[in-house]
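The next block holds one structure in the form of C-alpha cells; read it before the comments.
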Amino acid sequence: MDWFSYLVAGILVYVAVAVFLFGTAFRIYQWFRVTRSSVKLGLFPRPKSTLGRGFKLVKDSFFYPQVREVDAAMWIFVLLLHLGGIGAFVGHLRLFNEFTLIANALGDEGMAQFAMWTGGTVGIVLMVSVTYLILRRFKSPYKDLAIPEDYLLLILVLVILLLGNHLRFFGDIHVAEYREYIHSLLAFSPAFPEAIAESSTKWVLVSHVLTANLLFIYFPFSKLIHAVGTFAGNLIRSEV
Ligand code: HEM
C-alpha cells in the first residue's frame, strides 16, 4: 500500500469507526441526561395500547407518513433514499463475506450478474434521490430555510455515490480482491492485494473510502444522527 492509501484506506478507517461509535454513544448519553418534560408531548391521534404505540413507532420511523402529508413528491424520494441506503448497507456486507446461499444457487457468473443488477439499481436510485433533494434546496421556500450544512451533507453523499457507482460500473477489480482488502482491515493490518494496488481504479476506491470516512466522522455531530434519534422522537409523539 502506498503511504496515502495506508493513511486514508487504513488508519483513517479505524479513526472514522471509533468516532462514529463513541460519538453516537455520547449523543445518546447526552439525550438521556436531558430533564424529562412533565408535559405529555403526544400528538393526536394517540394510540392507547402499548401494541398500538409500537406499531405507530415503526410506521412513523420507517414510512414517515407525516412527510407524505406535507410533500408527496419529496416523500417518494426520501423513501427511495432510505430504502436505497438499507440496500447499499446490505450490498456492502458482501465485501466482508460472500452470501453463500445465493452464490451457491446462482453460481459464480450468476452471482456477479445478480450483484451488478442489484448494486447497480441501488446506486442509481440513490444517486437520483440525492440529486432531487439537492435540486429541491435551490427552490423557494426550501432555499430560504436551508443552511450550508444541508448542501454540504447532500453533496458529500452524492460524491460517495458517484465514486461507488464508478467502482460498480467502470471498475476492473473483482469482489474477491475487495474482500481481501476488507479482511486486512479486520486483521488490523491494512493492505491492498496486487490487483487493487496496480489498478488505476485504486484511486477511485481510496476516494470512495475517504469520503465515506468523512461521513462517518461527521455522522454523530450532524443531522444524520436522526437515524438514531428518530425512534425516541416518534415514541414521544404517541405519549399519552
Ligand atoms: C469505508 C466504507 C466503505 C467502503 C470500504 C466501500 C467500498 C465499496 C466498494 C469496494 C464498492 C464496489 C463494489 C463492487 O463493485 O463490487 C462500493 C460500491 C458502492 N458504494 Fe461503497 N464503501 C463504503 C462506504 C459507502 C457509503 C457510506 C455509501 C453510501 C453513502 C456507499 C455507497 C456505495 C454505492 C452506492 C456503491 C455502488 C453500488 C454497489 O456496488 O453496491 N459506500 N463501495
Side-chain angles (χ1 to χ4, degrees), residues 1 5-21 24 78 80-99 102-103 106 108-131 133-134 152-187 190-193 195-197 199-220 222-227:
M1 236 180 183
S5 303
Y6 186 77
L7 212 67
V8 166
I11 307 296
L12 195 60
V13 177
Y14 301 119
V15 175
V17 171
V19 173
F20 174 80
L21 292 177
T24 303
V78 168
L80 287 175
L81 176 75
H82 288 87
L83 283 175
I86 295 171
F89 174 76
V90 173
H92 281 70
L93 293 180
R94 187 169 176 240
L95 300 176
F96 290 82
N97 248 318
E98 181 58 290
F99 299 142
I102 310 177
L106 300 178
D108 276 356
E109 189 48 37
M111 187 65 196
Q113 289 284 326
F114 178 71
M116 176 58 92
W117 277 101
T118 49
T121 307
V122 161
I124 289 173
V125 164
L126 280 169
M127 207 173 62
V128 171
S129 318
V130 174
T131 305
L133 293 171
I134 293 177
L152 204 73
L153 205 52
L154 285 168
I155 290 169
L156 177 62
V157 174
L158 184 64
V159 173
I160 299 175
L161 297 175
L162 289 172
L163 292 163
N165 284 338
H166 187 288
L167 290 174
R168 162 63 59 203
F169 292 113
F170 308 111
D172 57 356
I173 297 167
H174 193 266
V175 65
E177 278 115 31
Y178 285 133
R179 206 172 285 142
E180 226 178 291
Y181 154 58
I182 297 290
H183 286 182
S184 78
L185 277 175
L186 294 177
F192 281 152
I196 297 184
S199 159
S200 55
T201 305
K202 174 180 87 173
W203 296 114
V204 183
L205 174 68
V206 171
S207 310
H208 184 63
V209 175
L210 170 64
T211 43
N213 284 339
L214 295 179
L215 189 75
F216 288 134
I217 291 171
Y218 191 27
F219 181 96
S222 71
K223 61 181 187 177
L224 289 176
I225 195 73
H226 78 267

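Counting convention: from 1, in listed order, for ligands and their atoms alike.
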(request) Report, as a single number, the protein N, O or S atoms less than 2.8 Å from atom 21 (Fe) of ligand 1. (result)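 The number of such protein atoms is 2.
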(request) Would you indicate which of Tyr181, Phe170, Tyr178, Phe96 comes nearest to atom 10 (C) of ligand 1 when only heavy atoms are counted? (result) Tyr178
(request) Could you check if a side-chain atom of Leu12 sits within less than 4.5 angstrom of a side-chain atom of Leu210, using non-hydrogen atoms only? (result)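 Side chain of Leu12 against side chain of Leu210, heavy atoms only: contact under 4.5 Å found.
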(message) Heavy-atom contact check, 4.0 Å cutoff: does Leu95 meet ligand 1?
(response)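 Leu95 counts as a contact of ligand 1 under the 4.0 Å cut-off.
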(request) Return yes when Val13 approaches ligand 1 closer than 4.0 angstrom through a heavy atom, no otherwise. (result)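 It does not; every heavy atom stays at 4.0 Å or beyond.
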(message) Taking distance alone, with N or O pairs closer than 3.5 Å, would you say Arg168 contacts ligand 1?
(response) yes
(message) Take a 6.0 Å sphere around CZ of Phe99 and say whether it holds more than 12 heavy atoms from other residues, nucleotides or ligands.
(response) yes
Nearest 0.5 Å please: distance from the [atom1] atom of [X] over to the [atom2] atom of [Y].
X      : Y      : atom1 : atom2 : value
Ile173 : Thr201 : CD1   : OG1   : 4.5 Å
Thr211 : Leu156 : OG1   : CG    : 6.5 Å
Ile134 : Ser129 : CD1   : OG    : 11.0 Å
Met1   : Ser184 : CE    : OG    : 6.0 Å
Tyr178 : Phe96  : OH    : CZ    : 14.5 Å
Ile124 : Phe169 : CD1   : CZ    : 4.0 Å

(message) For the backbone of Val204 and the side chain of His208, can you confirm whether one donor and one acceptor N or O come within less than 3.5 Å of each other?
(response)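 Checking the backbone N and O of Val204 against the side chain of His208, no donor-acceptor pair under 3.5 Å is found.
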(request) Within a distance under 4.0 Å of any heavy atom of Asn165, pick out the atoms of ligand 1 and give their elements. (result) 37 (C)
(request) Using a strict 4.0 Å cut-off to heavy atoms of Leu161, name the atoms of ligand 1 that fall inside it. (result) 35 (C)
(message) Quick test: of every protein heavy atom, which one is nearest to atom 38 (C) of ligand 1, and how far off is it to 0.1 Å?
(response)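 Heavy-atom neighbour on the protein nearest atom 38 (C) of ligand 1: Gly119 O, 3.2 Å.
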